[in-house]
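Proteins come first, then strands; the chains are lettered A, B, ... in the order of their sequence lines, and each starts at number 1.
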Number of protein chains: 2
Amino acid sequence: MRKGEATRLRILEAAARQAAARGLTAVSLADVAEVVGLSKSGLFKHFDSKEAMQLAVIELVCARFIDFVWTAAREEPAGRARLLRAFDRWLEWGEHEWADCGCPVNAFIAELDDQPGPVRDLLRERLQVFRATGIGEMRRVRQPPLTEAEAQAAYFQMRSFVLGHADARRMMGDQDARDPARAAFEAMLDRVSAVAA
Amino acid sequence: MRKGEATRLRILEAAARQAAARGLTAVSLADVAEVVGLSKSGLFKHFDSKEAMQLAVIELVCARFIDFVWTAAREEPAGRARLLRAFDRWLEWGEHEWADCGCPVNAFIAELDDQPGPVRDLLRERLQVFRATGIGEMRRVRQPPLTEAEAQAAYFQMRSFVLGHADARRMMGDQDARDPARAAFEAMLDRVSAVAA
DNA sequence: TAAAAAAGAGCACGACCGGTCGCTTACGGG
DNA sequence: CCCGTAAGCGACCGGTCGTGCTCTTTTTTA
C-alpha cells in the first residue's frame, strides 16, 4: 500500500496548487488527473468525492504551513527573535513556496468565508490553531508576558501586515512590499515590548 | 431606452452579490436571470458575454466603493478627521453594505490576483485609483504634509488593518474585530502625525 | 398612431462537470 | 511464487454551463 500513498500525495499537491490559483470548487478533477498523469476515474480510488479531496487538501496545506512558519521559527529563542523569524517565514510562504499561484490559505479563506459546510469548518478550526499559536508566541515577546488582550491586539496587527503584504505584492504588483510590512511589524513589536516593560 | 437601463442595473446588482459570495467566474447566468426575473437569453440583450458582465460588475462595485468611502469622507475636513471617517466607512462597507456576501472588492482581488486578462486589468486600475486617493488623503494628516514615502507606508498599514478586520470578522467569526482595527489605526495616525510635526 | 427599435422568451447546441461501473493490470504479503 | 487486493483505465451517465438562433412582446420615437 506504499505506492498508493505516494500517488495520493501527488494528487493533493496538484490539487492544492490548482485550488490556490482558481479556488477549491473550481478545481477540475480532469485537470488534476492530467497533471498527475492519471485518468479521472483513477482519482476516485484515492478520494470518495471532490469534497473529500478538498478536505485532504486543506489538511495538507495547513500542516505544511504550521511546519514552514512556526516549526521553523522555533529554531529561534522564544520572544522577539522567534516572532521576527515567523513573520519572515510567513511572508516567504506566500512569496516563494506558492509564488505562481498565491498563498492557498488566503485563497481558501476568501472563498469559504461565507460558504457554510464541513470544508469551511475544517479550515476555520485550523486557522484557530494558527491564531492560538501566534498569540501564544506573541505573549512571550516581553517579560513580564503580555496580557491575553495585548497579545490578541498584537497578533491582529501581525496578521494584518501579512495580509497587506500579500495584497500589495500580488494584486498591486508591488514586489517590494516586504519592506513596509517588515518595518511596520518591527515597530509594532518595539511598542508592545516597551510598554510597562 | 430607459427601461433597459433599469433592468441592466438590476442584473448588475444581482450579479455583484453573487460574485461577492461565490466569485466572478462562479456566477451562474441562470441564477442571475432567475433572481432578476428574466430568462437566461434575456440577459444577453444587456451584455454581449459573461466577461462583459464581469467588467460591468467591477465598474459598478468600484464606483460605489469610492462613493461610499471616500466621497462620504469628504464631508469631514481634510486630515485626521477625514481619514478616520474613511476608515470607519471602509469597515462599514464590508460589515453592512455587503453583510451577507462579504466585500466584493476583496473577493475579486483574491480571485483575480493570478488570473491575467482584461478583467484583472480593470480591477487593478481601479485599485490603483483607490490607493492613490488614500495616499493623497494620508499626506494631509500632518502639517507639513507627509512625504510620499511616509504616506505610502501609512496607507499600507491602513489597508492592512482593513484586511485584518475583514479576516477576523468573516473567517474567524469575531464580531468585535472593529475595536482592534480602529485602535491600531488611530494609534498609527497618532504616530505619523507626531513625527516631525 | 404606425413604424422602428429595444427587450425578452424559448429552444437547442457543444463542452465540460463530478461521479459510477466493470474491466484489467500490477503490486505486496504469505 | 501465487493470489488477493490495491491501483488505474475507458466508457458512460445526468446535469449545468455559456452562448447562439429565431420569434414574440413591449417600449420608444417620429
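Salt-bridge annotation for Arg64(A) and Glu59(A): absent, with no side-chain N of the basic residue lying under 4.0 Å from a carboxylate O of the acidic one.
Neither side chain, Ser28(B) nor Gln18(B), offers a donor N or O lying under 3.5 Å from an acceptor on the other. No donor-acceptor contact under 3.5 angstrom links the side chains of Glu111(A) and Gln115(A), judged on distance only.
Counting atom types as modelled, Ser41(A) pairs a side-chain N or O with a base atom of dG10(D) as donor and acceptor under 3.5 Å. One can find a donor-acceptor pair under 3.5 Å joining the base of dG18(C) and the side-chain atoms of Lys40(A).
Here Thr7(B) reaches the OP1 or OP2 of dG8(C): one of its side-chain N or O atoms lies under 4.0 Å away. Checking the phosphate oxygens (OP1, OP2) of dG8(D), a side-chain nitrogen or oxygen of His46(A) falls inside 4.0 Å.
Taking the six-membered ring for Trp and the full ring otherwise, the centers of Phe68(B) and Trp90(B) sit at least 6.0 Å from each other. Between Phe185(B) and Phe87(B), the distance separating the two ring centers is shorter than 6.0 angstrom.
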Between Arg178(B) and Arg169(B), does a side-chain contact (heavy atoms from CB on, under 4.5 Å) hold up when you go through it step by step? CA-CA 8 Å; Arg178(B) 200 185 189 93; Arg169(B) 180 177 164 84; over 6 Å; no
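DNA chain C is contacted by both Lys45(A) and Leu29(A); Leu29(A) maps to the nucleotide lying nearer its 5′ end (nearest heavy atom per residue).
Side chain of Phe44(A), nearest nucleotide from dG8(C), dG10(D), dG19(C): dG19(C). When the nucleotides dT20(C), dC17(C), dT27(D) are ranked by their closest atom to the side chain of Lys3(B), dT27(D) comes out on top.
The separation between Arg10(A) atom CZ and dA7(D) atom C1' is 12 Å, rounded to whole Å. If you measure from atom CG of Leu43(A) to atom P of dG10(D), you get 13 Å, rounded to the nearest angstrom. Atoms CZ (Arg8(A)) and P (dA6(D)) sit 15 Å apart, rounded to a whole Å. Rounded to an integer number of Å, the gap from Ile11(B) CD1 to dA7(C) P is 10 Å. In this structure, Glu34(B) atom CD and dC17(D) atom P are separated by 11 Å, rounded to whole Å. The CD atom of Glu5(A) sits 15 Å away from the C1' atom of dG28(C) (whole-angstrom rounding). Atom CG of Leu9(B) is separated from atom C1' of dA7(C) by 16 Å (rounded to the nearest Å). Note: CG (Leu38(A)) to P (dG10(D)) measures 11 Å, nearest angstrom.
Arg124(B) places a side-chain N or O within donor-acceptor distance of the main-chain N or O of Met171(A), the cut-off being under 3.5 Å.
As judged by a 4.0 angstrom heavy-atom cut-off over every strand, Val32(A) is placed among residues making no nucleic acid contact.
Listed by residue number, Ser49(A), Lys50(A) are the residues of residues 49-58 of chain A with a heavy-atom contact under 4.0 Å to DNA chain C.
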